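Keep in mind that the numbers below use all heavy atoms, side chains included, and drop hydrogens, waters and symmetry copies. Bear in mind the structure is a predicted one, so any value in this text is a computation, not a measurement.
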Amino acid sequence: MSSTSVPEPGSAPPAPPVPLAALLARPDLGLRLLAGPEDVPLHWVHTSEMADPCPYLLGGELLMTAGVQLADPAHYVDRVVEAGAAALAFGVTPVWDTVPPELVAACERHGLPLVEVPPRTPFTAVARALWRLMAEARLHELRRVTEAQQSLAAAAARPAPVPAVLGALASRLGGRAVLFGADGTESAAAGREVPAEAARALRDLAGVLGPRPGGGPAGRAGSASGVLEPRIRGGGGRHGGATSTDDNAGDGAPGRRGPGPSGRAPAKGPASASGDGGGLRLAAYALGGGDGLALGVATERRDPGDHTIAGVAVVLLSLLTAPHRGADVTVRDGALVRLLLGAAPAEVAGALGPGPWTVVHARGGDGTPFAAASLAAELGTPLVAQDEDAVRLLLPAATPVTAQEGWTLGASAPVTATELAAGDAQAARALRRAEASRAGLVRHRANGFAALVDHDEAAAYARALLAPLAEPLAETLRVWLSLHGSWDRTAVATGLHRNTVRQRITRCAALLDRDLDDPDVRMELWFALRAP
């Protein structure tokens with residue numbers, strides 16, 4: 001029979017691990033260490049009276065037993081060590097009066113901590129004490145991480161933010177923080193000096209994170225006299241970052257044996273590598289932006305929360321070192337000044353890009369002040385202007401123009417810098433056609449018959465021709481013509497009954513005194529209905 005107090009496999013421990021020494025220090029429990037070290041971390045508690053509990057262990061547990069089925073102590077300890085348990089607790093009475101000497105000898109041989117639980121101490125009391133200690137550790141960790149986040153954020157706001165962030169990180173972790181350039185050299189550093197051996201190992205560890213432009217140290221891990229034993233973990237945002245506090249899993253916590261807890265993936269965060277070198281604990285993190293920068297950290301020990309604190313620093317350093325759009329803004333401002341001072345558009349357009357360009361006119365949006373900027377972001381251009389009539393945008397011709405929800409768009413044909421005014425007119429006409437045809441996007445069609453007619457003359461003729469028609473007759477006629485005279489499809493499109501559509505079209509024919517079965521009449525009316 002077996003009972004357990006651990007989460008389901010695949011979930012993370014509820015809190016940072018607690019050293020066995022913290023349990024041994026509780027006088028109310030009366031625990032006594034009989035073998036092995038006392039500094040091993042405990043991740044959870046498992047109670048089992050099975051002859052072989054190995055299949056039910058995740059690793060890192062304090063395994064508690066009264067030895068109900070303990071037939072071969074040496075084999076039992078072999079299996080417990082193979083499963084990766086952190087320590088073994090043996091309760092004396094009612095089965096055994098004392099801890100079997102064979103069990104003590106087997107634990108000594110493997111270096112597995114063995115704890116005697118006195119008769120007066122229930123196993124549940126030990127488990128409850130461990131969970132309380134873990135809760136206290138989690139609270140301490142969260143406070144520490146929160147204070148570190150505030151310190152790092154304040155450092156990022158200082159006049160020299162990168163050195164300030166490195167200094168705050170080194171202070172919080174009690175070690176050294178180094179920003180490595182793409183070629184593996186130190187760009188900036190803070191904190192106490194480390195031995196040359198550790199400095200080389202840390203540089204090589206940063207190179208493990210991936211190929212480095214310019215012949216950096218990628219692929220040279222372990223070159224520092226073999227002192228470096230890296231462990232890689234991947235993660236992920238664009239700028240890196242940590243999503244939860246770490247618990248020393250997978251980074252060489254003292255006293256751990258075996259493969260470690262099964263099914264426990266490391267916390268998502270920056271791509272990182274950890275190892276040991278020169279007597280120090282080393283860790284390296286790739287900065288976002290794809291420019292090959294990396295953060296290296298060397299400390300005497302690795303405490304819970306260190307990975308999270310370093311992840312915050314990675315986010316800040318990624319943002320501080322990423323290329324900014326300030327240069328683009330300066331170029332655009334310079335182009336505007338040149339225009340105001342009389343430069344020709346063709347001269348200025350060259351500063352914004354090689355061209356050709358697509359001019360887009362748009363109407364719609366949600367009515368907020370940010371609607372135009374959001375549309376520009378969706379279309380991938382910073383060149384946007386808004387007036388009372390429409391939003392106008394300028395895109396490189398290679399950038400695709402796609403329909404956007406809530407907007408009606410008209411796009412010009414690709415135009416050169418000298419043809420921008422013509423492109424603006426094309427986009428305006430395309431937008432009017434999109435609104436007339438209820439389309440989300442209409443592109444300018446060069447060399448069409450409609451383009452050969454003078455705009456003002458066409459509009460005047462359309463007004464005179466359609467004057468007898470009042471709404472909703474004109475709208476019904478437009479839909480009917482667009483659907484090639486289909487009564488049923490027009491009824492569906494307009495939400496009218498089929499007979500109502502017939503009555504309205506008949507009324508239109510009478511008011512216009514035209515034969516709507518004549519294709520020439522239909523074409524003329526179609527052009528008139530689409531005219532602005």
Side-chain angles (χ1 to χ4, degrees), residues 1-6 13 17-131 133-134 247-250 252-262 264:
M1 182 176 180
S2 173
S3 62
T4 181
S5 301
V6 302
V18 171
L20 175 60
L23 273 181
L24 297 174
R26 293 284 300 266
D28 57 313
L29 297 179
L31 304 179
R32 187 163 64 100
L33 183 66
L34 302 180
E38 65 176 16
D39 60 347
V40 296
L42 304 178
H43 290 271
W44 29 50
V45 176
H46 182 86
T47 301
S48 175
E49 297 302 338
M50 300 185 68
D52 181 13
C54 180
Y56 302 95
L57 300 181
L58 296 176
E61 299 93 344
L62 172 63
L63 176 62
M64 306 189 70
T65 181
V68 174
Q69 300 190 54
L70 184 65
D72 186 348
H75 178 69
Y76 184 86
V77 172
D78 289 343
R79 293 290 289 161
V80 169
V81 170
E82 181 182 347
L88 178 64
F90 193 89
V92 294
T93 67
V95 182
W96 300 82
D97 293 330
T98 60
V99 180
E102 299 85 356
L103 187 66
V104 178
C107 288
E108 285 282 10
R109 185 169 61 254
H110 285 283
L112 178 70
L114 175 62
V115 177
E116 179 188 72
V117 183
R120 63 180 177 81
T121 302
F123 283 4
T124 53
V126 178
R128 182 175 59 186
L130 179 62
W131 295 132
L133 289 171
M134 294 179 77
D247 54 15
N248 284 335
R256 291 296 301 275
R257 293 161 303 282
S262 62
R264 288 174 52 213

**Fill in**
Separation between CG (Asp39) and CG (Leu20), nearest 0.5 Å, reads 8.5 Å

**Asked** According to the salt bridge (charged side-chain N to carboxylate O under 4.0 Å, His left out) rule, which pairs have a member within residues 20-29, sequence neighbours left out?
**Response** Arg26-Asp28

Run the side-chain donor-acceptor check on residues 73-81: report pairs under 3.5 Å with partners two or more places apart or on a different chain.
residue	atom	partner	partner atom	Å
Asp78	OD1	His110	NE2	2.6
Arg79	NE	Asp52	OD1	3.2
Arg79	NE	Asp52	OD2	3.2
Arg79	NH1	Glu82	OE1	3.1
Arg79	NH1	Glu82	OE2	3.4
Arg79	NH2	Asp52	OD2	3.0

**Message:** Can you tell me how far apart CG (Leu57) and CE (Met50) are? Round to the nearest 0.5 Å.
**Reply:** 10.0 Å

**Message:** On a heavy-atom basis, which atom in Leu114 and which in Phe90 lie closest, and how many Å separate them?
**Reply:** CD1-CB, 4.3 Å

**Complete:** Those residues at least two apart in sequence (or on a different chain) that pass side-chain contact (heavy atoms from CB on, under 4.5 Å) with Pro118 are Leu31, Arg120, Thr121

**Item:** Phe123 versus Thr47, closest heavy-atom pair with distance
**Value:** CD2-CG2, 3.7 Å

**Message:** Run the side chain to side chain donor-acceptor pair (under 3.5 Å) test against Arg32 and tell me which residues pass, sequence neighbours left out.
**Reply:** Glu116

**Item:** Considering all heavy atoms, the nearest Leu29-Ala125 contact
**Value:** CD2-O, 3.9 Å

**Request:** Look up atom SG in Cys107 and atom CG in Leu34, then write down how far apart they are to the nearest 0.5 Å.
**Result:** 8.5 Å

**Message:** Between Trp44 (side chain only) and Leu62 (backbone N and O only), is there a donor and an acceptor less than 3.5 Å apart?
**Reply:** no

**Request:** Determine yes or no for a side-chain-to-main-chain donor-acceptor pair under 3.5 angstrom, with Thr65 supplying the side chain and Glu49 the backbone.
**Result:** no

**From Leu24 atom CG to Leu33 atom CG, the distance as rounded to the nearest 0.5 Å** = 5.5 Å

**Fill in**
OH of Tyr56 to CG of Leu63, rounded to nearest 0.5 Å, is 13.5 Å

**Request:** Could you pull out the closest heavy-atom pair between Leu130 and Val45, with the gap in Å?
**Result:** CD2-CG2, 2.9 Å

**Asked** What pairs meet the salt bridge (charged side-chain N to carboxylate O under 4.0 Å, His left out) rule with one or both residues in residues 95-108, with sequence neighbours excluded?
**Response** none

**Request:** Taking all heavy atoms of Leu42 and all of Ala87, pick out the closest pair and write down the distance.
**Result:** CD2-CB, 4.2 Å

**Message:** Quick check: do Val115 and Val126 have side-chain heavy atoms less than 4.5 Å from each other?
**Reply:** no

**Request:** Measure across Gly111 and Pro113 and return the closest heavy-atom pair with its distance rounded to 0.1 Å.
**Result:** O-CD, 3.5 Å

